[in-house]
Amino acid sequence: MSTIKVQNFINGKFCDSEKYLDSFDPSTGEVWAKIPDSTVVNVEAAVSAAKNAFPGWSATPVQERSKVMMKIADLLESRLEEFAVLESRDQGKPVWLARTVDIPRAVYNFRFFATCALHDLNRSNQMQAVDAFNYTIKMPVGVAGLISPWNLPMYLLTFKLAPAIIAGNTVVAKPSEMTSVTAWKLAEIFNTAGLPPGVINFVFGYGPTAGEAIVRHPGVPIVSFTGGTVTAVKLRIAAAPFSKKLSLELGGKNPGVIFDNADMEKCIVTTIRSSFINQGEICLCTSRLYVQRGVYKTFVDKFVQEAKKLVVGDPKAEGVFMGALISKEHLAKVKGYVDIARQEGASILCGEEDLNLPAENKNGYFMRPTVITDVKDTSRLMTEEIFGPVVCIVPFDTTDEVIERANAVKYGLAATVWSTDVTTLHRVSQKLHAGTVWANCWLVRDLNMPFGGMKESGTGRESAKDSIEFFTEEKTICVKL
Ligand code: NDP
């Protein structure tokens, strides 16, 4: 198959770049696309296009903006299978997962935000004592810089694009250089849907060059970033001199707390999914399981038995649960944590069995679901984000003890609690340091509810409405009668 050449998308046109990077298909280890290695020059052109498009787009009535976005959603939906296959090759995830979760969710993001903003109201207040009247109006901020990671390429990119443009902003976006192909294809849809040139611009390339050039650009007053906690610190420093508006959705080290009285059957099925889906490369995946002593052995035995059954292999094949990890480097990093487990004398209960891969996948970045026990709470396995299919299971005795242990990390993104006692569910959920706690479930997302991390997992918990607010300036006008 020939190599795809990705181009930047600036002012409604696909443009060449001076230099290109290799993009690897994680399931074969082969170069399948060439990605622009964009520089400040490309970012400058994109910001300039977005600035020029801003007066027209921000003055377009929200109803018209909404119509264009609904058209984008329809067109994307009509090409669902094509996008699912592309995202799978970009990222390594099974095609079925992209087909049933990532691409439908990207469609939903455009539809949800397109309609959500239609029902927004301004505020007003009368001050009788001084005979004055206050009201607010809302305005877009300007050119928004959007920086997104590789793990859910379309899902997370569109979760930024949709609120930014419905609010009337124009955009310069930089997806992860490892998963740029789907975003590039999406740009074709923007033109067909009638999105005016310059409203959305894509600049592809590395974070420290293209990404940082967006963050440092004085013409970009607002930046929305999803990625690692370490990168976020660099972003904050780069943005600080400009007092930019920042939204940061960062990493996690999400605990699952399983009580003796949990519905074990449902808990195992969901916890296997929450630990290993998308190769464990979802910021919300559970990666440390605290299991109450009475069911600890039963849980571990059953969990390992189910983990061993999961099929890892060619993302295109039916029946495959896990595809390939994103890159050779990331696979080495994740495996490095298994080496740490070995050095620390922990028990590796599964994960090192033969992969039995088809010939074309022999050089892909695959790894089996890995379950580790006999780990200390202070181990790096229990405190650092691994972002792969590795789960540690440890026993606990009391409720107070497990809350303290689960909270003893710098992250606070998500948690799960499993119990059939409703009081336990509420008490524990309220005390866990996590922006979202799922009780007897996982990844049940209502876009109307706030989402985001506590502690070093991010700033600001946003509902869909809050995301539109983030991309909006609200001004108060006070009229003395
Ligand atoms: P990174 O932080 O490495 O990268 C995220 C994005 O930032 C990429 O587009 C990257 O570009 C870019 N970037 C890197 N350095 C800079 C810089 N100096 N200035 C500007 N941009 C930069 O994260 P990953 O892509 O590895 O994604 C995984 C991380 O994302 C995990 O920690 C995960 O938990 C987190 N995440 C959080 C979510 C949440 O909602 N809280 C959701 C999904 C993921 P490039 O790739 O080209 O380097």
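Residue numbers run from 1 in the order of the sequence given. Counting convention: from 1, in listed order, for ligands and their atoms alike.
- The N/O atoms of E212, backbone and side chain alike, include one that comes under 3.5 Å of an N/O atom in ligand 1.
- By the 6.0 Å contact criterion, CZ on R79 is enclosed, its count of non-hydrogen atoms from other residues, nucleotides or ligands being greater than 12.
- Among all non-hydrogen protein atoms, the one lying nearest atom 23 (O) of ligand 1 is G228 N, 3.4 Å.
- Of the polar atoms of E385, at least one N or O is found under 3.5 Å from an N or O of ligand 1, judged by distance alone.
- The closest approach between M178 and ligand 1 stays at or above 4.0 Å for every heavy atom of the residue.
- For S176, a nitrogen or oxygen atom sits less than 3.5 Å from a nitrogen or oxygen atom of ligand 1, counting backbone and side chain alike.
- Looking at residues two or more places apart in sequence or on another chain, you find a ring pair (Phe, Tyr, Trp, His ring centres under 6.0 Å) between F299 and F303.
- Shortest non-hydrogen contact noted between N361 and L357 is O-CD1, 3.5 Å.
- Nearest to atom 41 (N) of ligand 1 among the protein's heavy atoms is L250 O, 2.7 Å.
- Counting protein heavy atoms only, atom 24 (P) of ligand 1 is closest to W150 NE1, 3.3 Å.
- The shell of residues lying under 4.0 angstrom from ligand 1, judged by heavy atoms, includes G205.
- Under 4.0 angstrom from ligand 1, the non-hydrogen atoms of T226 come from both its backbone and its side chain.
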Would you please test Y337 and E384 for side chain to side chain donor-acceptor pair (under 3.5 Å) and show each step?
-> CA-CA 10 Å; Y337 281 97; E384 295 179 11; 2.6 Å; yes
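- Given atom 3 (O) of ligand 1, the protein heavy atom at minimum distance is T231 OG1, 3.7 Å.
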